[in-house]
Structures are given as C-alpha cells and as structure tokens.
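Take a look at the structure below.
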There are 2 protein chains.
Amino acid sequence: MAATIRDVARLAGVSPSTVSRALSLPGMVNAATRARVAAAVDQLGYEPNRAARGLITGRTGTIGLVVPDLANPFFASVTKGVQARARRHDVAVFVADTDEDPAAEAGLVRALSKQVDGVILCSPRAGNDELAAIAQDTTVVLVNRAAEGIPGVTYDNEGGMRQAVAHLVALGHQRIAWVGGPATSWSTQHRGLGLRNAAEELRAKLVPVGNFAPTYEGGMAAADQVIATGATAVVAYNDLVAIGLLARLHARGLSVPGDLSVVGVDDIAMSSMARPALTTVRLPKQEAGRIAVELLLTMLDDPESAAASAGAHGELRGELHGELHGELIVRESTGPAPHTQPSE
Amino acid sequence: MAATIRDVARLAGVSPSTVSRALSLPGMVNAATRARVAAAVDQLGYEPNRAARGLITGRTGTIGLVVPDLANPFFASVTKGVQARARRHDVAVFVADTDEDPAAEAGLVRALSKQVDGVILCSPRAGNDELAAIAQDTTVVLVNRAAEGIPGVTYDNEGGMRQAVAHLVALGHQRIAWVGGPATSWSTQHRGLGLRNAAEELRAKLVPVGNFAPTYEGGMAAADQVIATGATAVVAYNDLVAIGLLARLHARGLSVPGDLSVVGVDDIAMSSMARPALTTVRLPKQEAGRIAVELLLTMLDDPESAAASAGAHGELRGELHGELHGELIVRESTGPAPHTQPSE
DNA sequence: ACACAGCTTGCAACCGATTGCAGACTCAAA
DNA sequence: TTTGAGTCTGCAATCGGTTGCAAGCTGTGT
C-alpha cells in the first residue's frame, strides 16, 4: 500500500541504503543524489515505517503518559501540554488513566514501558520504593513529585503558599485554616510546609484541618470543620476543594469573602466561573507537561550524561529538574478580614 | 535486554516458529509442547515485540483518538472511556488534540494514520468531503457526528431536546430561547432541529438567538440577547454555555430560575457545582468512547463485512452505528414560569 | 510390508527499515 | 603511471517476529 524505501530507491535509481542515509545522515551523501532521492520521496509521499525503524534502532518514537484521572481538569491540562510538545518533536503519546488507583499504576507503567521509549508519570500515587523500582528499568520523568535520582518537574509550592499567606495577612487575616489533600500526596506535604513557614514568618496562625479527597466532595466535607476553627480565611489543597468549600459555606449561610476568605491552588477554568470567582495560585499546567517532554527526550538522547546530572552526588535538583512557579490570581473570594474578632 | 522468541524457543527446546504458533494458534500445536512453551514464556517473562509483529502482520495494536480540546471536560470524559476500553482489548491509544483548529484536523489524522490501525474522530470540525476523503484511506469511527458511509456513535439529540422542552412546558414555559453552538457543528444542527420539532408538538414557541462559541464565554456573550427575546426559559448548546449564561444573568440581576429557567446539555462535573446547580441533559460520555472503540475494533477485525453493513444500500444506521440516549437531570436552574406574562 | 492420511514441527523467506564493511570512483601527489 | 587518501555508494546482515511449505512421525487400512 504505502511506499517503501525500496520504491523510493528504485525511482531514484539508487540503493535503499542510500535513501536511508540521504534521509538521516544527509552529509554523508552527494548533493546530486540527495536531490534525486528527495524528489522521489515526495513524488511517492514516502514516510519511513516506524515499526521497521524501531525494530532496528530500538527506539519507537513514542512516549507514555500516566495520569490519575483524565477527567480532572488539572491533568487534562498537563496532558494537553505533553501532547502538544511531543507532536513538535514528532513523537506520539500513549495516554493512560489509572482511575486514581495506586495499585494499577505500577502495572500500567510496566505494560506501557515495553511499547514506549520513556514514560511521564504525573502525580504518581505509588510509594517511593515502587517508584525507584520502576525507574530502574524504564526511563521515567516525574511531574508534580520529586524523588531521589529521578528527573522531574515540580512546582515551587513553598513560594506559591507564601504569596497566598502574604495576600491574606495584608487583608488583615491572622488565623488561616488549611485543608490538605491526600496525606500521602507529595503536594500536600509541601504545600503544608510552605504554609507553616510563611505563617510563622508573617506572624499569622495556621490551623490545619486534616486531609480530604482532592475533589469537590472533599471540600464540602471539610467546610464545617473549617468554620469550627474560627479562622477568617482558608487555603484549600486545590481549586476543586476550594469550590466544594464555597458551596458548603454558602449552604451554611456564610458569606465569602464577607465572613471567610477562600484561596485555592491550580487555577482551573472552573475557578473563574465559580461564584464568587476564586482567588487562587495559578500553576502553569501545560508548561509542566511541555517541560516533562523536553526532560524525557533529553534523557533518551543522552542517557549517560542525563543520569549523571540527575544522580550525581545525590544532588536532587540537577539540570534535569524543572521547577515552575505559581502566581497568585486575586478574584472575588478573598477580602478584608471581618472586624469582629473571632472567638479566641 | 528483553527476552525474544528465540530465547523462549531455546529454553523450551523447540523452534521459534513453534513458539509463535503456540501463542497465536494454540490448536495447531501438541498439548505437551504447548505446555513447555508456556512454562518457558513465563519463566522468561516473555512478551512479543509489537513492532516486530506489526511489521509482518501490518497491524500495530494501536488506535488514534483525535479531539478538538482535551481541556474541555466533555472530551476528557470521552477520552477516558476510549482509553479504558482500549486497554481491555490490549490496544494502546494515541491521543491528539487539534486545539479546535479544523485545518489541523485532516493533517493530524493523516500523520496519525500511518502509525495506527484506525482512528476515532471525536466531534470532527472538518467538512463532509474532507471527512469522506479521510475515511477513504484510513479506518475511521466518528463520535458525535454522522456521515454517509462512515460508522460512528452519536447521541439522540432529538430525544434529549424533547425531554428538555417537555420539562419546561410542564413548568408553564411557552417561550423558549435556544442558544446554538458553532453553526457548522452537527450537534448544533440536530439539537436545533429536535427543539423545533418538540416545541411545535408541545405548542411552545422556540426563539433561536444565534450561534456562539461552545464555551463559558459563548454563554456570557449570548445572555443579553436571550434576555431580549422575552423568553422565560433557555436551552443552551452545552453546559459550558449554560454556565456562562448563568454568570451573565446573575450579573444583570436576573434570578435563575425565578426570572428565567436554564437548561444545558452534557452534564459535565461542573454543572452540579454551578450555582444554581444546572438542570441538564446528561449524555453518557465515557460510554460513547467505549462504543467507538468496539466499533473500530470490529471494523478492523472484519473489514469487508463491516464496510458492507455500514455502506450497503446507503443505509446510514447499519449495525455499525451506535446511538446513545440522553437523560434529563433536573437540578435547580429550572422552575415554574414567572406569572407575569412577558411582553408579547 | 506398503501406502496414505493426519498431526506436529522445523526451515527459510519475509516484513521495512538501518548500518558495518568493503568496493568503486575521483583526484592529487609522487 | 602508480599509489594513496578521501568520498560516495552498494551489499548483506540484522532487528524480532510470522507463515507457506515440506518433512518427520504416528497410526490405520489393505
């Protein structure tokens, strides 16, 4: 059906080897023949068969992307970024969704890894040991998580949280609640840490109210506990949680930001549509996907130096670690602290 | 690195051909040898190399999925369905996002088609001729669109719209506005048609207010025109548009559903989080993805009969056409028509 | 004892590319 | 004219499977 390298060779009056070289090592073949080959190529609309090439080179020109839940707008955006950047490099992307099942994750990666050159693991739920095992026999890039010796791209959670706290403190808030996500989540830990530090530094009191599902429902569940803390502001693990909070606070008759200010993280599309529109720390989601692709391709092109710069001297943040910064987007869900002091 | 068929053959004391047959045509090899092969296979953890197999069989075990925008929750859900069902069949999925660019669509499919066995085109923006051309040399399944001779899965838009209108009429609404999506969209056309028929049948007046982007912004843009129609209810092209309407109506000081009832289509997660929660026609999104996969795999397994049943006698809805039904989900955005008659 | 059918198995070609090696050719220097 | 270096090109092996064909073996009927 499709033209093969032999067809091109015949038409150009050369051997298949010459065609192959004309395409991949142009400097090695005479300009005149190269031109004849080029002509034949586009006369026939020839494109090399990837499977055949992969067979001999060992490279498939394909990468895998594993996310917990495609229906979560955060991961959808990351996927969009990955996919767009991969296309630029003429690399195809296998997308797999674990349905938030940590157990499925390792198996999925293992299955995928036989068909791809490398894998991007977004917000992996697996344990550190498991992750290390996976990275042992597959080229892996992490998104939204750092792990010893594995390249990845993460967000500067500390910086983002600092902006949020500074904003709230400037508005007069002194007692700030924190609704964490899943306890095992790397992001939860680092956001919590960043909040604690920022609060201490800016002389505000941080009140953690526990760990909740990173969803709208999680936010609904947390709301009443938040109210009970007597805080005048709350930072939520992510925007979905924040929007869940908004809903339940409204149902309980509290006004946002009149009685309570709410801050989220991510800046998903939904956040600007919420009522009141959500103040949030915007994370560059597609950018994370793009960088992950670049990181992965770099590792694949140059495995030894890549491994060296990632693993050398136990330095975690080598060349092969991207860090992205969040940006506080102020909308309607934050305002001055209420004058009436909360019961203390 | 990984075990090859030769390794297995050596360990089992047979030839590679026998191993191959033991795996793909078990009936053809002696039970005893088959057992020895099986033992060798899982001792070595052997898995056939897909590229090599694909080279000779011409099948890659991969399908492509093309969507206009992954960040749109509707398409994210379809993708989720496709991906999950494909995995069950041990088929991998290439996902590509056209960024709502109709021009990019054809090119993308063409590039993809060389690497996959078939393509699922979700809500294609391309023209009918272009679509036919694509289907000419690639196995294609359409989602959210019907086209002569190409298998696909669509929604019963007419039925869904009928439910919406019946609901509104029962609430006393007699003048219903319709905010359409992109004019060239197949869904827009069929939803409009369904509404027109239902309205006529149920003696309500349908007032189309034009075509808008299928987004939150589109809804914001349409809102004032909707108000100007004097309608007491409005059906939006999809939930994003409906939520945009909600926002702008609120800004204009109208109460929903007090002054105006709003109905969307899709039932994306965001809809139940909107305020007021959105009444909408729920479409089974993941189901559409799953069926599309089944359809595609059927065609691939049995091209001639598939082609026959899809194209024969110009019958569009052959065996290879799935139709899914919507379900009206009543929430808070619809209520009785206001007593004060709108100026007529 | 022979022929023949039926069941298993192996040989070898092949899918479509890439690449090490060697041969052909050009041209300059001796 | 011969030699040698340098450039360009082709041959043939190879990647890891699949499959048509033929050969080996067993068992049955004559």
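Every chain is numbered from 1 and lettered A, B, ... according to where its sequence line falls, protein lines coming before strand lines. Scope of the values below: all heavy atoms of this structure, side chains included, with no hydrogens, waters or symmetry mates.
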How would you list, by chain and number, every residue that makes a salt bridge (Lys or Arg N to Asp or Glu O under 4.0 Å) with [X], sequence neighbours excluded?
{"X": "A:Glu105", "result": "none"}
{"X": "B:Arg145", "result": "none"}
{"X": "B:Arg21", "result": "none"}
{"X": "A:Asp137", "result": "A:Arg110"}

Please work out which residues in residues 29-55 of chain B have a non-hydrogen atom less than 4.0 Å from an atom of DNA chain C and list them by number.
-> B:Val29, B:Asn30, B:Thr33, B:Leu55

Near DNA chain C, under 4.0 Å by heavy atom, which residues of residues 10-20 of chain B?
->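 Heavy-atom cutoff 4.0 Å gives B:Val14, B:Ser15, B:Ser17, B:Thr18.
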
Ignoring hydrogens and angles, write down the donor-acceptor pairs under 3.5 Å from the side chains of residues 47-55 of chain B, residues two or more places apart or on other chains.
residue: B:Glu47; atom: OE2; partner: A:Lys114; partner atom: NZ; Å: 3.1
residue: B:Asn49; atom: OD1; partner: B:Ala51; partner atom: N; Å: 2.7
residue: B:Asn49; atom: OD1; partner: B:Ala52; partner atom: N; Å: 3.0
residue: B:Arg50; atom: NH1; partner: B:Asp90; partner atom: O; Å: 3.3
residue: B:Arg50; atom: NH2; partner: B:Asp90; partner atom: O; Å: 3.4
residue: B:Arg50; atom: NH2; partner: B:Asp90; partner atom: OD1; Å: 3.3
residue: B:Arg50; atom: NH2; partner: B:Asp90; partner atom: OD2; Å: 3.2

Before accepting this row, confirm whether a basic side-chain N of the pair A:Lys80/B:Asp99 lies closer than 4.0 Å to the acidic partner's carboxylate O.
-> yes

For residues 35-46 of chain B, which residue pairs qualify under salt bridge (Lys or Arg N to Asp or Glu O under 4.0 Å), counting only residues two or more places apart or in two chains?
->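 Counting only pairs at least two positions apart or across chains, no salt bridge (Lys or Arg N to Asp or Glu O under 4.0 Å) contact touches residues 35-46 of chain B.
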
Spacing of A:Asp7 atom CG relative to C:dG16 atom C1', expressed in whole Å |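 After rounding, the gap between these two atoms is 11 Å.
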
According to the ring pair (Phe, Tyr, Trp, His ring centres under 6.0 Å) rule, which pairs have a member within residues 117-154 of chain B, sequence neighbours left out?
-> none

Those residues that, when tested against A:Arg290, pass side-chain contact (heavy atoms from CB on, under 4.5 Å) (two or more places apart) |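 Here the qualifying residues are A:Arg85, A:Gln286, A:Glu287.
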
At a 4.0 Å cut-off to heavy atoms of chain A, the contacted part of DNA chain D spans D:dC8 to D:dG16

Could you write nucleotides 21-27 of chain C as a row of B, S and -, 5' to 3', where a protein heavy atom under 4.0 Å of any base atom gives B, of only sugar-phosphate atoms gives S, and otherwise -?
-> -------

